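See below for the structure under consideration.
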Amino acid sequence: MTKRRLFTRLGIRLGIRLGIRLGIRLGITGTLLAIAGTLLLAPPAQSVEASLSAVNSSSWQTNASVQALAVAGGKAYAGGRFTSVRPPGAAAGTGEVAQAYLAAFDAGTGALVSSFNPVLNGQVYAVAASADGSRIFVGGDFTTVNGQTRNRIAAFDTATGALVANWKPSVSYRVKTIAVSGTTVYFGGSFGLVNNLTRNRLAAVTTDTGTLLPWAPSVNGDVYAVDAADSVSGASKVYAGGQFSAVNGTDQNTVTSLDPVTGAVLPFPGASAVPLPTGSCTTRVKTIDASGDTVYFGNGGDGGGCFDGTWAVDIATNTLKWKNQCLGATEAVKVVNGWLYKGSHAHDCANQGAGGFPQGFDYRFLLSEKLSDGTLGPWYPNTDADPNSVTNVGPLAFATGGDDLWVGGDFLHVNGAAQQGLTHFTNALPGAAPAKPAKLTPYSVRPGAVQISFPTVVDNDDSTLTYRLLRGFSNTTIATWTVRSTPWDRPWVQYTDTGVTPGEQTNYRVEVTDGSTTIRGNYSDPITVATTASTAYDQIVNADGPQAYWRLGEPVGTATSVDSSGQSNNGPFTGVTLGGAGAIAGNTAMTISTTTGRMVGEKASSMPQQFTVEAWVKQSGTNRGGRIIGFGNSKTASSAINDRMLYMRTNGSIVFGVNDGSQRTLTGLSGKNDGNWHHVVGTYDNGAMKLYVDGMLRGSAQVGPASLYYGWWRVGYDLTNSWPGGGATQTGMGIDEAAVYPYALTPVQVQSHYAAR
């Protein structure tokens, strides 16, 4: 994807399609485009940009965790803790078919293969298929299969479903993981003996008769994952991960690369991706997938901020290609059609530049990553985790038949619908549909012009969508954009329609398409095009497209402030007095009446990198000031993290503060605690900070990216003690007409707002 900095004048025709980063403002006027900023030129919209649909297809369910999966012979084999299975849509306890620990499902329809009904006396942790799909190999805690002795490992014929009679290695304790390469079955776990011969947690047998091979690496802790990098003649390297610190007496931090014949430890510089254990952090490799020339790993850690992410290594050199540091233990990875699919309970993918959502946004149990660099891809289905399960982490196992993905785990729901333990994703079109665009609220405050703003929407398997703005019941297309959006990063689009006549009445709506499915929003209410310029302050503000606008003019006794932007970001008042004289004629204001008085919008946001904060403020008295408006990570209490704010110092100067790793501030002239209303604005556009006071630019600076966290826009109190000149007494501060925009207002817009008082 190409980044370009475009500095354009009016004159670029509509019809070009531009991918827009969060909050970059499109000021398109009629058939002209006026735009300045950093743009991402997105690829054309297409249905299922990821290689899999985010819509799960029909499959049977289990009554407890699925811990292992393999696809072979037209069937998906699932092993785990479950004791019964049931049809899709059936509630727990209804339609149950007894089938303990191992079951097979039709790889196309997801239906139970009832002819495969093995009887095991213990749970299954591992399932793997031979290269030709003729056999599956199963490992776990069981000691009998179909009444025959099978100590923790067994093989089945996929054509007949029969237990392979002459394949019966005897393993002394749990088999946790299996990989098949050519004529060799590699397996790992917690055992110490195989066929009564020493095999410390790793061993290998032949695929045909289960003959124990001399391959015998000695591992000092449990092995959770093993996979082989295949070559023409067999495995070129074997990789193992788990809870160990030494292999063959050599220090190996939770992961090792081994010779596939001798079991010798191979040089593995890429393993430096895994941090060494400390008193507060231990991380372990839990899943491995070798694909092509690269092997992919997933880690799960114990301890706050401990490495939970994914990493990739070049097989030929064993050197690190990339590392993604999302927090939330990774339990499964699998390459399917050019993407790395990841099962985890990710909760912070902004950690150390991981390229996604910040802490607090959500738990995402299913994600995709680019094979080239590990950044998050455009695939956003989700599961949950069963709170009553032993594992309680969500997805635990992946398998593919080549162009699909089977997901097993301890979940109860998939994409918000009941589906326990097992689900299936394919590449079938049309995939997920875009969400429905919001009903537009157009404004006309200048003769012959209508201004329209709207947030983009999310499609769970296509982050690049095309939007068309339609005018009138004739549905005339007047503008087209192609924009990238994600569940945590939804840009806004703005447009000024000058192809209308003063006094004309019309309406608008937006339609969005992913290239396959088109979704239309509702028609706006009719709007009459202005014949004279408006002087109404609230109309001028709303015409510039705020994402939240609190006029703060509610009557005395009102508990909640109403968001006048139409985005429904209402918020409760705490410790304020309403009904005071406001900055704008005809509207009252709120006054901070306690030391922590505030109003907090109920809708949270993720890491805005383009924004404007705006308000009118009145404060009086020596050594009085306080926080006016800003962003913080608490909805109900004082924020441990807060920035993107305007506050007043004790000397009456207005400060605009953004944290880019350090506290960056712009400070205006002192003396604004003079008992008069002052218009204050802070803008930020990908590092460009500006502070305006009473319509005048009072400071600017170029800084780094603003801190990545999930939070709420707050009007009034939040902690400022640690900020330069912060901590002033807040009581008595009047605040009016507070607004937040998803882009940086221009100097002309700021001046027009100030002049409209």
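Note that this is a predicted model, so its numbers are computed, not measured.
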Quick one: [atom1] on [X] to [atom2] on [Y], what's the gap to the nearest 0.5 Å?
X      : Y      : atom1 : atom2 : result
Leu412 : Ser389 : CG    : OG    : 8.0 Å
Ser722 : Asn642 : OG    : CG    : 7.0 Å
Met645 : Ser639 : CE    : OG    : 9.5 Å

Checking Tyr508, Tyr467, Trp492 against Phe454 for side chain to side chain contact (heavy atoms under 4.5 Å, CB included), the one that qualifies is Tyr467
Lys618/Asp736 under salt bridge (charged side-chain N to carboxylate O under 4.0 Å, His left out): CA gap, chis, key distance, verdict
CA-CA 9 Å; Lys618 181 175 70 172; Asp736 200 9; over 6 Å; no
Short N-O contact, Asp643 and Arg664, less than 4.0 angstrom:
no
Is the closest basic N to carboxylate O distance between Arg484 and Glu49 below 4.0 Å?
yes
Qualifying salt bridge (Lys or Arg N to Asp or Glu O under 4.0 Å) pairs, either residue in residues 547-560, two or more places apart
Asp538-Arg551, Arg551-Glu737
Salt bridge (Lys or Arg N to Asp or Glu O under 4.0 Å) partners of residues 710-719, not counting sequence neighbours, each pair once:
Arg714-Asp718
Flag for Gln749-Ser752: side-chain donor and acceptor within less than 3.5 Å
no
Centroid-to-centroid, Trp488 to Tyr380, below 6.0 Å?
yes
Going by the ring pair (Phe, Tyr, Trp, His ring centres under 6.0 Å) test, which pairs reach into residues 630-649, not counting sequence neighbours?
Phe631-Tyr709, Phe631-Trp713
